[in-house]
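Have a look at the structure below before the remarks.
All values derive from a computational prediction rather than experimental measurement.
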Amino acid sequence: MNKIRWGILGTGTIAHQFASDLKRVENAELVAVGSRSQQSAEIFSGKFDIPLRFGSYDELVACNEIDIIYIATPNNLHHPNTLLCLNHGKAVLCEKPFALNAKQASEMIGLARRKNLFLMDALWTKFLPHYQKMIEMVKSGELGQIKIVRANFGFQANAQPNSRLLSPELGGGSLMDIGIYNVFTALDILGEPDEISVSITPTEQGIDEQCAVVFKYNNGAMASLFSSISANLETEVEICGTLGRLKLTAPFYSSTSVLEHDADGKKTVIRTEKEEGSGYQYESRHATACLLKGNIQSTVVPHSYSILVMQTLDRIRNLAGIVFPDE
């Protein structure tokens, strides 16, 4: 196998961005798309010149000309859609959040391992050059001992009551939709917290419009994480250590972010190499390489890491009293 054949399950906004960026990945080709309607599949395939288009997910997963499927459906469908793909022998790159909870994530990973199939959590930001550089600087000790991490992600959605963002049935809320970026960034820098405190602005549907989370660590470190779908926040990350401060500029989760390093009173802007596109090609390039090597999990987002992220989100939701109907 010298070329990985990709399919996309779902035809929403993220699916469009992913399809566009996949063209930049060597040894990968987009051969199929599946939607809940034939019309949607036809429209999507016409935009990206995709030869196989299916009006149902069952038809997509049954196709023998696909090696891996990217799942780009609403949050509540990630678990059943992943199981559907795996049960038909297809590797999976599943959009975040990986599942609604750690129990679902464990079931997905267990099935992938039993079937010896590749499965990865699509935390695309972790593959971006500036984010990789940030991890390198933290791990090298260049910033000293990390004392404070501050991460914000918020926008004014003006969402309607039946919007995906506000729907408990679809796994909505600021935490699961965008707060997850803050959570995995804090985990990457400081590790699993010893204590968590949470406060939310609840919606009428019982999920979070805004979420404030504090991670506390026995070594004295803290992380302050704010997410909102009702206010425009300065979506950036600040890392404060004993030897300096590092900022991931807004929007910190995207490929356009740069690093601002402040040490000894001198500020340096660190610009990493950027490719054209939205930035999804980095994660799909990694997944393609994993399949070519015969790996069933990623070295950047291993299964254990996906479980840790979901367990942490579970802890936050339990403290906030957020429960989804599927649970």
>> What verdict does the side-chain contact (heavy atoms from CB on, under 4.5 Å) test give for Thr201 and Ser230, after you've listed the backbone C-alpha separation in whole Å, the side-chain angles of each residue and the deciding distance to 0.1 Å?
In response: CA-CA 10 Å; Thr201 302; Ser230 60; over 6 Å; no
> Any side-chain heavy atom of Asn76 within less than 4.5 Å of one from Glu169?
Replying inline: no
> Closest heavy-atom contact between Gly171 and Asn75?
Replying inline: O-ND2, 2.9 Å
> Hey, are the side chains of Ser224 and Ile148 touching, using non-hydrogen atoms and a 4.5 Å cut-off?
Replying inline: no
>> For Gly55, is there any backbone N or O sitting under 3.5 Å from a side-chain donor or acceptor partner on Gln38?
In response: yes
> So, are Glu283 and Lys96 salt-bridged, with charged N and O less than 4.0 Å apart?
Replying inline: no
> Tyr217 and Val183: same hydrophobic cluster, using ILVMFWY side-chain contacts below 4.5 Å?
Replying inline: yes
> For the atom pair CD1 (Ile43) and OG (Ser37), what is the distance rounded to the nearest 0.5 Å?
Replying inline: 7.5 Å
> Is Asp314 salt-bridged to Lys103, going by a charged N under 4.0 Å from an acidic O?
Replying inline: no
> Hey, mind stepping through Met176 and Ile207 against side-chain contact (heavy atoms from CB on, under 4.5 Å) and telling me if it holds?
Replying inline: CA-CA 10 Å; Met176 298 296 280; Ile207 55 177; over 6 Å; no
> Counting N and O atoms only, with roles assigned by atom type, does the side chain of Asn219 sit under 3.5 Å from a partner on the main chain of Ala221, one being a donor and the other an acceptor?
Replying inline: yes
Side-chain polar contacts of residues 110-118 - donor-acceptor pairs under 3.5 angstrom, sequence neighbours left out - could you list them?
{"from": "Arg113", "atom 1": "NE", "to": "His303", "atom 2": "ND1", "distance (Å)": "3.2"}
{"from": "Arg113", "atom 1": "NH2", "to": "His303", "atom 2": "ND1", "distance (Å)": "3.4"}
{"from": "Arg114", "atom 1": "NH1", "to": "Gly110", "atom 2": "O", "distance (Å)": "3.4"}

> Step by step, would you call Leu60 with Ile8 a side-chain contact (heavy atoms from CB on, under 4.5 Å)?
Replying inline: CA-CA 9 Å; Leu60 175 72; Ile8 293 181; over 6 Å; no
> What pairs meet the salt bridge (Lys or Arg N to Asp or Glu O under 4.0 Å) rule with one or both residues in residues 36-48, with sequence neighbours excluded?
Replying inline: Glu42-Arg53
>> Once side-chain hydrogen bond (donor to acceptor under 3.5 Å, both in side chains) is applied, do any residues pair with Thr125, and if so which ones, sequence neighbours excluded?
In response: none
May I have the list of side-chain donor-acceptor pairs in residues 232-240 shorter than 3.5 Å, sequence neighbours left out?
{"from": "Asn232", "atom 1": "OD1", "to": "Gln156", "atom 2": "N", "distance (Å)": "2.9"}
{"from": "Thr235", "atom 1": "OG1", "to": "Gly154", "atom 2": "N", "distance (Å)": "3.4"}
{"from": "Thr235", "atom 1": "OG1", "to": "Leu233", "atom 2": "O", "distance (Å)": "3.3"}
{"from": "Glu236", "atom 1": "OE2", "to": "Arg150", "atom 2": "NH2", "distance (Å)": "3.1"}
{"from": "Glu238", "atom 1": "OE1", "to": "Arg150", "atom 2": "NE", "distance (Å)": "3.3"}
{"from": "Glu238", "atom 1": "OE1", "to": "Arg150", "atom 2": "NH2", "distance (Å)": "3.1"}
{"from": "Glu238", "atom 1": "OE2", "to": "Arg245", "atom 2": "NE", "distance (Å)": "3.0"}

> Which residues satisfy the side-chain hydrogen bond (donor to acceptor under 3.5 Å, both in side chains) test with Ser255, sequence neighbours excluded?
Replying inline: none
> Are Val258 and His130 side-chain neighbours, meaning at least one heavy-atom pair lies under 4.5 Å?
Replying inline: no
> Please, which pairs that meet salt bridge (Lys or Arg N to Asp or Glu O under 4.0 Å) have at least one residue in residues 72-85, sequence neighbours excluded?
Replying inline: none
>> Determine whether a donor-acceptor pair (N or O, by modelled atom type, separation under 3.5 Å) exists between the side chain of Lys247 and the backbone of Asp262.
In response: no
> Which residues pass the side-chain hydrogen bond (donor to acceptor under 3.5 Å, both in side chains) test with Lys133, sequence neighbours left out?
Replying inline: Glu136
>> Under a 3.5 Å threshold, yes or no: a donor from one side chain and an acceptor from the other, between Gln205 and Thr203?
In response: yes
> Can you check whether Arg315 reaches Pro193 side chain to side chain, under 4.5 Å on heavy atoms?
Replying inline: yes
>> Do Asp21 and Arg24 have side chains that approach each other closer than 4.5 Å (heavy atoms only, starting at C-beta)?
In response: yes
> Which pairs pass ring-ring contact (aromatic ring centres under 6.0 Å, His included) with one or both residues in residues 27-46, sequence neighbours excluded?
Replying inline: His16-Phe44, Phe44-Phe48
>> Filter on ring-ring contact (aromatic ring centres under 6.0 Å, His included), then keep only pairs touching residues 245-283, sequence neighbours left out; what's left?
In response: Trp124-Tyr280, Phe153-Tyr253, Tyr181-Tyr253
> Considering all heavy atoms of both residues, which atom of Cys290 and which atom of Ser298 are nearest to each other, and what is their separation?
Replying inline: SG-CA, 4.2 Å
> Should Leu243 and Ile270 be regarded as members of a common hydrophobic cluster, given that ILVMFWY residues are connected when their side-chain heavy atoms come within less than 4.5 Å of each other, either directly or indirectly?
Replying inline: no
> Which pairs pass ring-ring contact (aromatic ring centres under 6.0 Å, His included) with one or both residues in residues 74-112, sequence neighbours excluded?
Replying inline: none
> Do Lys126's NZ or CZ and the ring of Tyr305 fall within the cation-pi criteria of under 6.0 Å and 45°?
Replying inline: yes
> With a 4.5 Å limit on heavy-atom distance, are the side chains of Val213 and Phe215 in contact?
Replying inline: yes
>> For the backbone of Leu100 and the side chain of Gln104, can you confirm whether one donor and one acceptor N or O come within less than 3.5 Å of each other?
In response: yes
> To the nearest 0.5 Å, what is the distance between CG (Leu175) and OG (Ser228)?
Replying inline: 12.5 Å
> Do any pairs count as a salt bridge (Lys or Arg N to Asp or Glu O under 4.0 Å) and have a residue in residues 296-311, sequence neighbours left out, and if so which ones?
Replying inline: none
> Taking it one step at a time, do Asp177 and Arg164 satisfy salt bridge (charged side-chain N to carboxylate O under 4.0 Å, His left out)?
Replying inline: CA-CA 10 Å; Asp177 196 71; Arg164 173 188 66 82; 2.7 Å; yes
>> Run Tyr57 and Asn81 through side-chain contact (heavy atoms from CB on, under 4.5 Å) and show every step you take.
In response: CA-CA 8 Å; Tyr57 299 156; Asn81 290 163; 4.1 Å; yes
> Does any pair with a residue in residues 291-307 pass salt bridge (Lys or Arg N to Asp or Glu O under 4.0 Å), and if so which ones, sequence neighbours excluded?
Replying inline: none
>> I want to check something: taking the side chain as every heavy atom from C-beta on, are Met310 and Asp121 in contact at a cut-off of under 4.5 Å?
In response: no
> Is there a chain of hydrophobic side chains (I, L, V, M, F, W, Y, each step under 4.5 Å between heavy atoms) that links Leu308 to Leu319?
Replying inline: yes
>> Hydrophobic cluster membership, with links at side-chain heavy-atom distances under 4.5 Å among I/L/V/M/F/W/Y: are Met120 and Leu84 in one?
In response: yes
>> Do Ile50 and Trp6 have side chains that approach each other closer than 4.5 Å (heavy atoms only, starting at C-beta)?
In response: no
>> With clusters defined by side-chain heavy atoms of hydrophobic residues (ILVMFWY) lying less than 4.5 Å apart, directly or transitively, does Leu187 cluster with Phe226?
In response: no
> Closest approach of Gln281 and Val25, non-hydrogen atoms and distance?
Replying inline: O-CG2, 3.7 Å
> For Gly7 and Ile66, which heavy atoms make the closest approach, and how far apart are they?
Replying inline: N-CG2, 3.7 Å
